[in-house]
Amino acid sequence: MSSLRRARSLKQRAGLHERAGDYPKAAQDLVDALDEPENPYQADCHRALAEVLWMSPGADERVKKKALQSVEAAARVSPDYVEKFAAFLINRTDEDGLILLARHFVAVKDVRLPSSVRVPMLRFAATAGRRRNVEPKERLDWLNEALGLKDGSGADDEALADLHSMRGIILNNLGRFADAKRDLQALQTLVDRHANDSGAWQALRKNALNLKNALSGK
């Protein structure tokens, strides 16, 4: 069997094992497929391997680190694979995973993720970090980076309002009232622009009011 045909066969068999819930066999098939020199599906195999490792029963910190290294390998081919893995984590409501994903790619300096991928990744991590008690300083770093990259990121008003809301609350809690007021102003502008919208804007309006009340007299 040629290397190309073997890679294709292993990838297909891995998919069958994954659907059957046999993650160790799926992982082994994907590792074997990645060893094939004529495998044209390298990035897809790395992404699939990351997901299989993540879903493996008893996946610990070491296994998840290997999974993130596979995401990184896929991202070196196409940064969109980071977005795909983030979607995988969101579908599993894995907030700790979103935090680990952001930490991994903040540390890896030579993978140039475009702002259209990096901004939502940092936003997801900051949102998860708020509920998972990540240190405010780390969340603030993520939010500063995300808002610094907002131009050209394609982020919509809701995403920008959410980023300003989270950063303003952290800055207020840290006693940086002048900076928090600038975020409040940006948030209020966006909220006013969508005065007739419902959905997520209801929560953002409440956040704007709470932040405004907290900063009153500061």
Side-chain angles (χ1 to χ4, degrees), residues 4 7-8 10-11 14-15 18 23 26-27 29-31 33-56 59 61-130 132 134 138-164 166-167:
L4 171 60
R8 184 185 296 120
L10 287 165
K11 180 175 179 291
E18 181 182 349
Y23 301 118
D29 280 342
L30 289 165
V31 169
L34 285 165
D35 284 340
E36 289 298 324
E38 295 180 25
N39 182 353
Y41 317 107
Q42 290 279 336
D44 273 337
C45 286
H46 275 299
R47 179 197 56 77
L49 179 59
E51 293 183 6
V52 163
L53 289 172
W54 207 270
M55 291 187 293
S56 297
E61 185 178 340
R62 180 186 60 84
V63 172
K64 289 184 175 181
K65 183 177 180 180
K66 286 185 177 295
L68 291 172
Q69 288 169 345
S70 282
V71 178
E72 180 186 331
R76 291 181 186 278
V77 178
S78 173
D80 290 346
Y81 282 101
V82 174
E83 195 171 20
K84 291 176 182 177
F85 193 71
F88 160 77
L89 294 171
I90 290 167
N91 287 336
R92 291 172 60 83
T93 7
D94 189 342
E95 294 186 331
D96 290 329
L98 289 166
I99 292 165
L100 290 174
L101 181 68
R103 284 175 175 161
H104 183 87
F105 280 95
V106 165
V108 177
K109 302 299 184 185
D110 63 329
V111 177
R112 302 294 181 186
L113 297 179
S115 56
S116 60
V117 172
R118 201 167 185 88
V119 168
M121 178 190 74
L122 293 166
R123 180 192 173 200
F124 296 148
T127 303
R130 179 177 55 193
R132 307 299 289 177
V134 171
E138 186 173 19
R139 286 188 284 132
L140 184 59
D141 287 345
W142 292 340
L143 292 164
N144 284 339
E145 182 178 349
L147 284 164
L149 294 170
K150 65 181 181 181
D151 293 339
S153 69
D156 60 17
D157 282 355
E158 183 185 316
L160 294 176
D162 193 33
L163 290 168
H164 281 296
M166 286 191 284
R167 189 170 71 174

- Task: Please list, chain by chain and in numerical order, all residues satisfying side chain to side chain contact (heavy atoms under 4.5 Å, CB included) with Asn91, sequence neighbours excluded.
- Result: none

- Taking C-beta and beyond as the side chain, do Val111 and Pro79 meet within less than 4.5 Å on heavy atoms? no

- Only counting residues at least two apart or in another chain, list the ones meeting side-chain hydrogen bond (donor to acceptor under 3.5 Å, both in side chains) with Asp44. Tyr81

- Determine the minimum heavy-atom distance between Ala26 and Glu18, stating which atoms define it. CB-N, 3.9 Å

- Might you point out which heavy atoms bring Lys64 and Ala59 nearest each other, and give the distance in Å? CE-O, 3.9 Å

- Message: Under the rule for salt bridge (charged side-chain N to carboxylate O under 4.0 Å, His left out), what residues qualify as partners of Arg132, not counting sequence neighbours?
- Response: Asp96

- Message: Just so I know, are the side chains of His46 and Leu34 near enough to count as touching, which here means a heavy-atom distance under 4.5 Å?
- Response: yes

- When rounded to the nearest 0.5 angstrom, what is the spacing between CE in Met166 and CZ in Arg123? 6.5 Å

- Message: I'd like to know if the side chain of Ser78 reaches the main chain of Ala74, judged simply by a donor and an acceptor atom lying under 3.5 Å from each other, with no hydrogens or angles considered.
- Response: no

- Message: Which residues pass the side-chain hydrogen bond (donor to acceptor under 3.5 Å, both in side chains) test with Glu51, not counting sequence neighbours?
- Response: Arg47

- Looking at side-chain heavy atoms only, is the closest gap between Val77 and Gln42 below 4.5 Å? no

- Task: State whether the side chain of Arg139 and the backbone N or O of Val134 hold a donor-acceptor pair below 3.5 Å, judged by distance alone.
- Result: yes

- Task: List the atom of Ser115, the atom of Pro120, and the distance in Å for their closest heavy-atom pair.
- Result: O-CD, 3.8 Å

- Item | Atom pair CG/CZ of Asp162 and Phe124 - distance to nearest 0.5 Å | 10.0 Å

- Contacts of Glu95 that satisfy salt bridge (charged side-chain N to carboxylate O under 4.0 Å, His left out) - sequence neighbours left out: Arg131

- Task: Would you please name every residue forming a salt bridge (charged side-chain N to carboxylate O under 4.0 Å, His left out) with Asp157, sequence neighbours left out?
- Result: Arg193

- Message: Which heavy atom of Leu163 sits nearest to which heavy atom of Ala146, and what is that distance?
- Response: CD2-CB, 4.0 Å

- Item | Pairing residues for Val106 by the side chain to side chain contact (heavy atoms under 4.5 Å, CB included) criterion, not counting sequence neighbours | Arg118, Leu122, Trp142, Glu145

- Once you round to the nearest 0.5 Å, how far does CG of Asp29 lie from NZ of Lys11? 12.0 Å

- Message: Could you work out, with side-chain hydrogen bond (donor to acceptor under 3.5 Å, both in side chains) as the rule, every residue matching Asp110, not counting sequence neighbours?
- Response: Arg76

- Item | Distance (rounded to the nearest 0.5 Å) between Leu98 CG and Phe88 CZ | 10.5 Å

- Message: Test of understanding: with side chain to side chain contact (heavy atoms under 4.5 Å, CB included), list the residues that count as partners of Asp151, not counting sequence neighbours.
- Response: none

- Message: Could you report the tightest heavy-atom contact between Ile99 and Ala125, atom names first, then the distance?
- Response: CG1-O, 4.0 Å

- Report the residues that fulfil side-chain hydrogen bond (donor to acceptor under 3.5 Å, both in side chains) with Tyr41, sequence neighbours left out, ordered by chain and then residue number. Arg8

- Note on the structure: Hits for side chain to side chain contact (heavy atoms under 4.5 Å, CB included) against Ala50, two or more places apart or cross-chain, chain-then-number order -> Ala67, Ser70, Val71, Phe85

- Please name the pair of heavy atoms, one in Trp54 and one in Leu100, separated by the smallest distance, quoted to 0.1 Å. CH2-CD1, 4.1 Å

- Query: Would Asn144 and Arg167 satisfy side-chain contact (heavy atoms from CB on, under 4.5 Å), going step by step from the backbone distance to the final call?
  - Reply: CA-CA 8 Å; Asn144 284 339; Arg167 189 170 71 174; 3.1 Å; yes

- Query: Is the backbone N or O of Ala33 less than 3.5 Å from a side-chain atom of Asn39, with the two atoms forming a donor-acceptor pair by type?
  - Reply: yes

- Query: Are the side chains of Leu68 and Glu72 in touch, meaning some heavy atoms are under 4.5 Å apart?
  - Reply: no

- Task: List in chain and number order the residues that pass salt bridge (charged side-chain N to carboxylate O under 4.0 Å, His left out) with Asp80, two or more places apart in sequence or in another chain; answer none if no residue qualifies.
- Result: none

